[in-house]
Structure formats: structure tokens, C-alpha cells
Undergrad: 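Can you read through this structure? Questions will come right after.
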Amino acid sequence: MTLQLADKTLNPPVMLAPMAGITDRPFRDLVMRFGAGMVVSEMVASQEMVQAKPGVRERAELSADVENTAVQLAGRDAHWMAEAARQVADRGARVIDINMGCPAKKVTNGYSGSALLKTPDHALTLIEAVVEAVDVPVTLKTRLGWDDNLLNAPDVARRAQDAGVQLVTIHGRTRCQFYKGHADWQAIRSVKEAVSIPVIANGDIVGSNAARTALDQSGADGVMVGRGAQGKPWLLAQICHDLYGTQAPAVPANADLIDMVRGHYEAMLAFYGTDLGLRVARKHLGWYMDEAVTPATLRRAVLTSRDTAEVLRLLGDALGGNTEAAA
């Protein structure tokens with residue numbers, strides 16, 4: 001199954017969700033090497049990017065030469081959203097995604113992210129500004145609503161479609177649920193019925209069975225995978241294979257797993273520099289060791305060492321002790 005987004009084909013429609021501090025360039029590249037329909041950058045704050053705040057441009061590293069990479073923008077001001085959209089489009093962004101789903105207090109307290117669900121008229125001004133500013137496709141990611149008393153995703157999606165948005169992703173929770181409970185995939189169906197553009201189901205897609213159930217319950221055109229891919233960058237490719245018959249990924253084990261993780265670690269060091277790279281890498285190494293059921297003492301040694309050569313050496317033992325679990 002393919003999904004058409006303007007002149008771009010998502011084949012198959014299995015996408016990597018934007019995750020702050022996680023879906024950076026090294027991780028997106030790794031996921032795409034295994035196989036995915038599209039990957040989305042970390043959320044980029046629009047005003048901070050335009051004003052060149054330290055670190056923001058690095059987070060917006062676009063993989064401009066890579067097909068099917070989207071850049072996600074967040075903000076509360078139409079001017080800054082439009083300016084940021086122009087900048088990332090000029091730097092090679094193939095798709096621009098608007099964040100109306102982030103539940104973090106530091107985002108919603110600034111009236112961005114999912115807080116925009118409380119002010120749909122204002123949200124529409126941001127959407128219109130971005131669509132008018134660029135020629136590349138614009139998509140939207142949001143939630144079912146702010147809380148159980150404001151489940152307005154169908155109306156927001158319909159208005160976004162009318163404004164020129166070409167795809168909408170719905171996380172099957174309200175903002176006030178954060179990540180508690182279970183995503184309500186059935187509730188996404190009301191959004192699918194409200195629009196004619198593609199709808200992507202998101203939330204708790206942790207494997208092929210969950211992806212299949214989410215599609216059945218929501219009627220969505222594809223799925224977006226977030227936290228389930230942590231420590232398993234091959235997961236999207238596995239879902240693609242199981243649901244759409246693409247080539248099965250070679251899930252790394254034993255020496256191949258160690259080589260892959262070492263390569264990811266070195267890519268993070270090269271991308272961020274050693275000092276920051278050491279800190280950023282810890283979360284990813286922790287997830288890989290979760291999968292490998294690494295002994296606590298060895299895990300601690302990997303995550304506390306500031307000697308990159310020692311980390312590379314320790315990873316051999318940390319990931320090789322239980323390779324069946326790692327796979």
C-alpha cells in the first residue's frame with residue numbers, strides 16, 4: 001500500500017514520530033536505513049530558530065538530501081511560524097509538519113503544541129501562514145482534544161484541510177492524558193470520517209499487531225511509531241514487512257547488533273561533538289541495553305564512562321551477553 005502526499009509517495013505509510021531529544025539526524029538516518037515511509041524531525045521552536053538560538057538549528061538538521069523527511073515546527077505566532085517554514089524549506093525540507101500535539105507543560109504554557117486545541121481560531125491562523133509561506137506539503141500532528149470535554153480533533157482537522165494541510169496525524173489521547181492509559185484508536189475514526197486527506201494513527205504503536213489493530217479500529221491510512229522504536233530502530237521496517245509485504249529487515253544480533261550500536265554511538269559523537277554527544281547517547285545506549293537485558297553493573301559502567309574508547313569496548317560485553325533478547 002502506498003500513500004500519496006502531494007508529489008511524494010510514502011511506501012508504505014509507516015512513519016517515525018517526532019520525539020524531542022530522540023529523533024535527531026543520527027537516529028532518523030538509522031531508522032531510514034532499515035526502512036520507513038517517512039521520518040519526522042524533533043520539534044523545532046519557530047521563533048527560536050529564526051532568531052538563531054544556540055542548539056535550535058542543530059536540532060533542525062534536515063537531512064535535506066534524503067527523501068521523505070519532514071521537519072516539525074512549533075509556535076504560537078503566525079509571523080514566526082511562517083518565517084521558520086520559509087527557512088527550513090529553503091534549506092531543503094521536503095515536508096513541514098505543524099505541532100499541535102505536544103503535551104509538555106513548557107510547550108503548552110507558552111500556548112503552543114496541544115494548547116492550540118483550546119484556541120482553534122488562532123491555530124488556524126498559524127496553519128494558514130505556514131501553508132501560504134511555502135510550496136512544500138504541510139501536515140499537522142495533533143491529539144483527540146485538550147481533555148474529555150473538548151474533543152475537537154475532527155473539526156480542527158476539517159478546518160486544517162480547508163486551509164491547505166495535506167495530511168493529519170492524530171495521537172489517540174487528549175492532552176490531559178499525556179501518555180497515561182491506552183491510546184483510543186477507535187476515536188481516531190471520527191477524524192478520518194471528517195476529512196478526505198490521509199489520516200495517520202499514532203499512540204502505542206509498539207509492534208505489528210498494535211499497528212494492525214490501530215488501522216482496523218481507526219480506519220486510518222497509515223501509522224506513526226514513536227516510543228516503540230526506542231532501542232529498536234528496525235521496528236518500522238518490521239511493521240512495513242508484516243503489514244505491507246516489504247522486504248523483511250535484517251534484525252541485528254550478536255556481532256551485527258554490537259556493530260550497529262557502536263556505529264550509532266559514533267554518529268552521535270560526530271554530530272554533536274564529544275561532550276554533548278556523550279550525554280545525548282546515554283538514553284539510546286540505555287534503550288539498547290534494556291533490550292539486551294544488560295547486567296546492572298555493566299550498564300552503569302557504559303552510561304557513566306566519559307572515555308569514548310572505553311564505551312565502545314564495553315558495548316561488546318553489554319550487548320553480547322544476551323543477544324537473543326537484544327534481537
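Just so it is clear, the model here is predicted, and its values are computed rather than measured.
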Undergrad: With side-chain contact (heavy atoms from CB on, under 4.5 Å) as the criterion, how do Val40 and Thr139 come out once you've worked through the C-alpha distance, each side chain's angles and the decisive distance to 0.1 Å?
TA: CA-CA 11 Å; Val40 187; Thr139 62; over 6 Å; no
Undergrad: Out of curiosity, does Ile170 fall in the hydrophobic cluster containing Val165 (side-chain heavy atoms, cut-off under 4.5 Å, transitive links)?
TA: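 Val165 and Ile170: one cluster.
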Undergrad: Looking only at heavy atoms, which two atoms of Val134 and Ala85 are closest? And how far apart?
TA: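 Of all heavy-atom pairs spanning Val134 and Ala85, the closest is CG1-O, 3.4 Å.
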Undergrad: Below 4.5 Å, heavy atoms only, C-beta onward: do Leu5 and Met38 meet side chain to side chain?
TA: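 Counting from C-beta outward, Leu5 and Met38 do come under 4.5 Å.
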Undergrad: So do the side chains of Ile98 and Gln72 get within less than 4.5 Å of each other, counting heavy atoms only?
TA: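 When only atoms from C-beta onward are counted, Gln72 and Ile98 do not touch, as no gap falls below 4.5 Å.
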Undergrad: Please tell me whether Glu42 and Thr23 have a donor and an acceptor in their side chains that are separated by less than 3.5 angstrom.
TA: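 No, no side-chain donor-acceptor pair sits under 3.5 Å.
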Undergrad: Determine whether Leu243 and Val225 fall in the same hydrophobic cluster, where Ile, Leu, Val, Met, Phe, Trp and Tyr are linked whenever their side-chain heavy atoms lie under 4.5 Å apart.
TA: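 Yes, it is one cluster - the side chains of Leu243 and Val225 are joined through contacts under 4.5 Å.
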Undergrad: State, to 0.1 Å, how close Leu117 and Leu150 come at their nearest heavy-atom pair, and which atoms those are.
TA: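 Scanning both residues completely, I find the closest heavy atoms to be O-CD2, 3.7 Å.
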Undergrad: Do the charged groups of Asp155 and Arg158 touch, with an N to O distance under 4.0 Å?
TA: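 Judged by the 4.0 Å cut-off on N to carboxylate O distance, Asp155 and Arg158 do form a salt bridge.
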Undergrad: Under a 4.5 Å cut-off applied to non-hydrogen side-chain atoms, are Leu167 and Leu3 in contact?
TA: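 Yes - at least one pair of side-chain heavy atoms lies under 4.5 Å apart.
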Undergrad: Please determine whether side-chain contact (heavy atoms from CB on, under 4.5 Å) holds for the pair His241 and Gln247, giving the CA-CA distance in whole Å, both sets of side-chain angles, and the decisive distance to 0.1 Å.
TA: CA-CA 6 Å; His241 169 68; Gln247 183 175 349; 6.0 Å; no
Undergrad: Please walk me through it: do Met32 and Leu236 pass side-chain contact (heavy atoms from CB on, under 4.5 Å)?
TA: CA-CA 9 Å; Met32 284 300 288; Leu236 280 79; over 6 Å; no
Undergrad: Keeping the roles fixed (side chain from Asn202, backbone from Met224), state whether a donor-acceptor pair exists under 3.5 Å.
TA: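 Yes; judged by distance alone, with no hydrogens or angles, the pair exists.
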Undergrad: Does the Lys NZ or Arg CZ of Arg262 fall within the cation-pi geometry relative to Tyr288 - under 6.0 Å from the ring centre and within 45° of the axis?
TA: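 Cation-pi check for Arg262 and Tyr288: fails.
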Undergrad: To the closest 0.5 Å, what do you measure between CG (Leu312) and CD1 (Ile258)?
TA: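 Reported value, rounded in 0.5 Å steps: 11.5 Å.
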Undergrad: Would you please say whether a donor-acceptor pair under 3.5 Å links the side chains of Asn99 and Lys141?
TA: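 Checked: Asn99/Lys141 side chains show no N/O donor-acceptor pair below 3.5 Å.
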Undergrad: For Ala183, check side-chain contact (heavy atoms from CB on, under 4.5 Å) against everything at least two apart and list the hits.
TA: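 Listed in chain order: Arg173, Trp185, Asp204.
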Undergrad: Under the salt bridge (Lys or Arg N to Asp or Glu O under 4.0 Å) criterion, do Arg299 and Asp290 qualify, and how do the steps go?
TA: CA-CA 9 Å; Arg299 177 190 179 93; Asp290 287 345; 2.7 Å; yes
Undergrad: Would Ile188 and Val199 count as a side-chain contact (heavy atoms from CB on, under 4.5 Å) if you check the C-alpha gap in whole Å, the side-chain angles of each, and the deciding distance to 0.1 Å?
TA: CA-CA 9 Å; Ile188 297 173; Val199 173; 4.0 Å; yes
Undergrad: For residues Val261 and Phe34: do they belong to one hydrophobic cluster (side chain heavy atoms under 4.5 Å, members Ile, Leu, Val, Met, Phe, Trp, Tyr)?
TA: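 Cluster IDs for Val261 and Phe34 match.
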Undergrad: Taking Ala220's backbone N and O only, do any of them form a donor-acceptor pair with Ser218's side chain (distance below 3.5 Å, no angle check)?
TA: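 Yes; at least one donor-acceptor contact below 3.5 Å.
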Undergrad: Within the 3.5 Å criterion, strictly below it, is a donor on Asp147 or Thr174 matched to an acceptor on the partner's side chain?
TA: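 On atom types as modelled, these side chains do not qualify, holding no pair under 3.5 Å.
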Undergrad: Is the backbone of Asp307 close enough, under 3.5 Å, to the side chain of Ser305 for a donor and an acceptor to pair up by distance?
TA: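 The answer is yes, because a donor-acceptor pair under 3.5 Å joins these two groups.
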Undergrad: With sequence neighbours excluded, what pairs up with Glu132 under the side chain to side chain donor-acceptor pair (under 3.5 Å) test?
TA: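 With sequence neighbours excluded, Glu132 shows a side chain to side chain donor-acceptor pair (under 3.5 Å) to no residue whatsoever.
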Undergrad: Can you see which heavy atom on Cys240 is nearest to which on Thr246, and at what distance?
TA: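 Heavy atoms only, the tightest pair is C-OG1, 3.1 Å.
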Undergrad: Keeping the roles fixed (side chain from Arg175, backbone from Trp146), state whether a donor-acceptor pair exists under 3.5 Å.
TA: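 Absent.
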Undergrad: Kindly compute the distance separating NZ (Lys283) from CE (Met268), expressed to the nearest 0.5 Å.
TA: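 Going from the NZ atom of Lys283 to the CE atom of Met268 covers 8.5 Å.
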Undergrad: Quick one: closest heavy-atom pair of Ala36 and Val31, and the distance?
TA: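 Looks like CB-CG1, 4.1 Å.
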Undergrad: Looking at every non-hydrogen atom in both residues, tell me the closest pair between Leu278 and Tyr265 and how far apart they are.
TA: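 Looks like CD2-OH, 3.2 Å.
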Undergrad: Backbone N or O of Ala187 within a donor-acceptor pair of the Ser190 side chain at under 3.5 Å?
TA: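 Present.
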Undergrad: How about Thr2 and Asn11: does a side-chain donor come under 3.5 Å of a side-chain acceptor?
TA: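 Short answer, no.
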Undergrad: Verify whether the ring centers belonging to His171 and Tyr179 lie closer than 6.0 Å.
TA: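 They qualify: ring centres under 6.0 Å apart.
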Undergrad: With heavy-atom distances below 4.5 Å as the criterion, would you say the side chains of Met289 and Leu303 are in contact?
TA: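 Side-chain contact under 4.5 Å: yes.
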Undergrad: Could you tell me whether a side-chain N or O of Gln47 sits under 3.5 Å from a main-chain N or O of Gly75, the two making a donor and an acceptor?
TA: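 No, Gln47 side chain to Gly75 backbone: no donor-acceptor pair under 3.5 Å.
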Undergrad: Ignoring hydrogens, what is the shortest heavy-atom contact between Leu235 and Gly207? Give both atom names and the distance.
TA: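 In this case the closest contact between Leu235 and Gly207 is CD1-CA, 4.1 Å.
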Undergrad: Roughly how far, to the nearest 0.5 Å, is the CG atom of Leu30 from the CZ atom of Arg25?
TA: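 Going from the CZ atom of Arg25 to the CG atom of Leu30 covers 12.5 Å.
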Undergrad: Out of curiosity, Gln4 CD to Gln166 CD, how far, rounded to the nearest 0.5 Å?
TA: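 Spacing of CD (Gln4) from CD (Gln166) equals 10.5 Å.
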Undergrad: Measure the spacing between CD1 of Ile200 and CD1 of Ile197 and express it to the nearest 0.5 Å.
TA: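 Answer rounded to 0.5 Å: 10.0 Å.
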Undergrad: Do Met19 and Val71 belong to the same hydrophobic cluster, where Ile, Leu, Val, Met, Phe, Trp and Tyr are linked whenever their side-chain heavy atoms lie under 4.5 Å apart, directly or via other members?
TA: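 Yes, Met19 and Val71 fall within the same hydrophobic cluster.
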Undergrad: Going by heavy atoms in the side chains, are Pro120 and Asn152 under 4.5 Å from each other?
TA: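 Answer yes - side chains close enough.
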Undergrad: Can you check whether Ile22 reaches Gln230 side chain to side chain, under 4.5 Å on heavy atoms?
TA: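 They are in contact (side-chain heavy atoms under 4.5 Å apart), so the answer is yes.
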Undergrad: Please tell me whether Ser46 and Glu83 have a donor and an acceptor in their side chains that are separated by less than 3.5 angstrom.
TA: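 Result is no, nothing qualifies.
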Undergrad: Donor-acceptor pair, Arg189 side chain versus Asp216 backbone, under 3.5 Å?
TA: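 Yes.
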Undergrad: Are Leu285 and Val311 close enough that some pair of their side-chain heavy atoms sits under 4.5 Å apart?
TA: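 Leu285 reaches Val311 side chain to side chain.
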Undergrad: Kindly compute the distance separating NZ (Lys118) from CG (Leu116), expressed to the nearest 0.5 Å.
TA: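 It comes to 10.0 Å.
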Undergrad: Is there a side-chain contact between Val39 and Phe27, using heavy atoms and a 4.5 Å cut-off?
TA: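 No. Closest side-chain heavy atoms not under 4.5 Å.
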Undergrad: State whether the side chain of Thr142 and the backbone N or O of Met100 hold a donor-acceptor pair below 3.5 Å, judged by distance alone.
TA: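 Yes, the answer is positive, given that a donor and an acceptor are paired below the 3.5 Å cut-off.
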Undergrad: Mind checking whether Val223 and Val206 sit in one hydrophobic cluster, side chains of I, L, V, M, F, W, Y counted as touching below 4.5 Å?
TA: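 Unlinked, Val223 and Val206 end up in two clusters.
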